[in-house]
Chemist: 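Encoded as structure tokens, here's the structure I'll be asking about.
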Amino acid sequence: MARIMVVEDDVYMREELTDLLRNSGYETASLFDFENAIPEITEYSPDLVLLDINLPFHSGFEICKELKAKQLGTVLVLTARDKLQDELHALGLGADDYLTKPCNIERLLARIKNLLRRKEEQIRQGLLDGNGFLLDPNTFTIYVGKSSSLMPPNEGKILLALLKKSPNLVTKHELCNVLWGTEECIDENALQVTFTRLRKTLREFGLEERIETVRGQGYRLKEQVRL
């Protein structure tokens, strides 16, 4: 049974959503401690978070950003804010879907079902979610929408290392260990060439800006930003 957490500060709306989800067969919990939202959500470990934007202590935008950075479940934003810029901002932070209130019940349940089905399919396939792309850690195949590309092993190893630590930094020593089994960089030029090729691969999907070079330290996979 899928677990859903309702993050909504309006008591009546929260109760209505909770009853709806439970009657639809989902295990459901509600957030009450909005000051400690992330620890509370993490402890419940939901498959999906139904998230409002206007919340006390932390906005839904802040919560969404941190949840996606920590890869803590699927996020469906449900809010009364119907401006396009709010929707784009939420999606840019990694939200998986965005609906405005009041929302048709059948539409809401259909969106939830679709998001959970997508997540289950990813788990079955063993794919890792890169927030804008999926990566098969066994074959190093990258999937973006309906397109895919099988990357050479070294490119795939680097992208996998960046993804596993995202959005944190991966040092050159760590990458050398990934490629050659030693923290001593055997071939600095080979590492740079591999990064150039990886960026070229990502450019085909419009993702070349996701890799950030931190001068003198290493690299990191940045969060996706949609304009």
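Values below: all heavy atoms of this structure, side chains included; hydrogens, waters and symmetry mates excluded. Because the structure is predicted, anything quoted here is derived from the model rather than measured. We count residues from 1, following the sequence as given.
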Chemist: Sequence neighbours left out, what passes side chain to side chain contact (heavy atoms under 4.5 Å, CB included) with Asn138? Give chain and number order.
Modeler: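 Asp136.
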Chemist: State which residues pass side chain to side chain donor-acceptor pair (under 3.5 Å) with Thr141; sequence neighbours excluded, sorted by chain then number.
Modeler: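 Thr141 satisfies side chain to side chain donor-acceptor pair (under 3.5 Å) with Thr139 once adjacent residues are dropped.
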Chemist: Can you name the residues that form a ring-ring contact (aromatic ring centres under 6.0 Å, His included) with Phe61, not counting sequence neighbours?
Modeler: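 Listed in chain order: His89.
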Chemist: Could you list the residues that satisfy salt bridge (Lys or Arg N to Asp or Glu O under 4.0 Å) with Glu209, not counting sequence neighbours?
Modeler: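 For Glu209 there are no salt bridge (Lys or Arg N to Asp or Glu O under 4.0 Å) partners, ignoring immediate neighbours.
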Chemist: Please identify each residue that fulfils salt bridge (Lys or Arg N to Asp or Glu O under 4.0 Å) with Arg199, with sequence neighbours left out.
Modeler: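 With sequence neighbours excluded, Arg199 shows a salt bridge (Lys or Arg N to Asp or Glu O under 4.0 Å) to no residue whatsoever.
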Chemist: Identify, with sequence neighbours excluded, every residue that meets side chain to side chain donor-acceptor pair (under 3.5 Å) alongside Asn114.
Modeler: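 Only Arg117 meet the side chain to side chain donor-acceptor pair (under 3.5 Å) criterion with Asn114.
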Chemist: List for me each residue that meets side chain to side chain contact (heavy atoms under 4.5 Å, CB included) alongside Thr28, sequence neighbours excluded, and say none if there are none.
Modeler: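 Partners of Thr28 by the side chain to side chain contact (heavy atoms under 4.5 Å, CB included) criterion, ordered by chain and then number, come out as Val6, Thr18, Leu21, Arg22, Tyr26.
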Chemist: Please name all residues satisfying side chain to side chain donor-acceptor pair (under 3.5 Å) with Arg197, sequence neighbours left out, ordered by chain then number.
Modeler: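 Here no residue qualifies.
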Chemist: Once salt bridge (Lys or Arg N to Asp or Glu O under 4.0 Å) is applied, do any residues pair with Glu204, and if so which ones, sequence neighbours excluded?
Modeler: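 Expected list: none.
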Chemist: So, using side chain to side chain contact (heavy atoms under 4.5 Å, CB included) as the criterion, who are the partners of Pro137 when residues are at least two apart?
Modeler: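 By the side chain to side chain contact (heavy atoms under 4.5 Å, CB included) rule, Pro137 matches Leu128, Leu160.
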Chemist: May I have the list of side-chain donor-acceptor pairs in residues 92-103 shorter than 3.5 Å, sequence neighbours left out?
Modeler:
{"from": "Asp96", "atom 1": "OD2", "to": "Lys68", "atom 2": "NZ", "distance (Å)": "2.9"}
{"from": "Asp96", "atom 1": "OD2", "to": "Val75", "atom 2": "N", "distance (Å)": "2.8"}
{"from": "Asp97", "atom 1": "OD1", "to": "Arg111", "atom 2": "NH1", "distance (Å)": "3.1"}
{"from": "Asp97", "atom 1": "OD2", "to": "Arg111", "atom 2": "NH1", "distance (Å)": "3.2"}
{"from": "Tyr98", "atom 1": "OH", "to": "Arg81", "atom 2": "O", "distance (Å)": "2.7"}
{"from": "Lys101", "atom 1": "NZ", "to": "Glu8", "atom 2": "OE1", "distance (Å)": "2.7"}

Chemist: Taking ring-ring contact (aromatic ring centres under 6.0 Å, His included) as the definition, give me every residue that meets it alongside Tyr143, ordered by chain and number, with sequence neighbours left out.
Modeler: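 Expected list: none.
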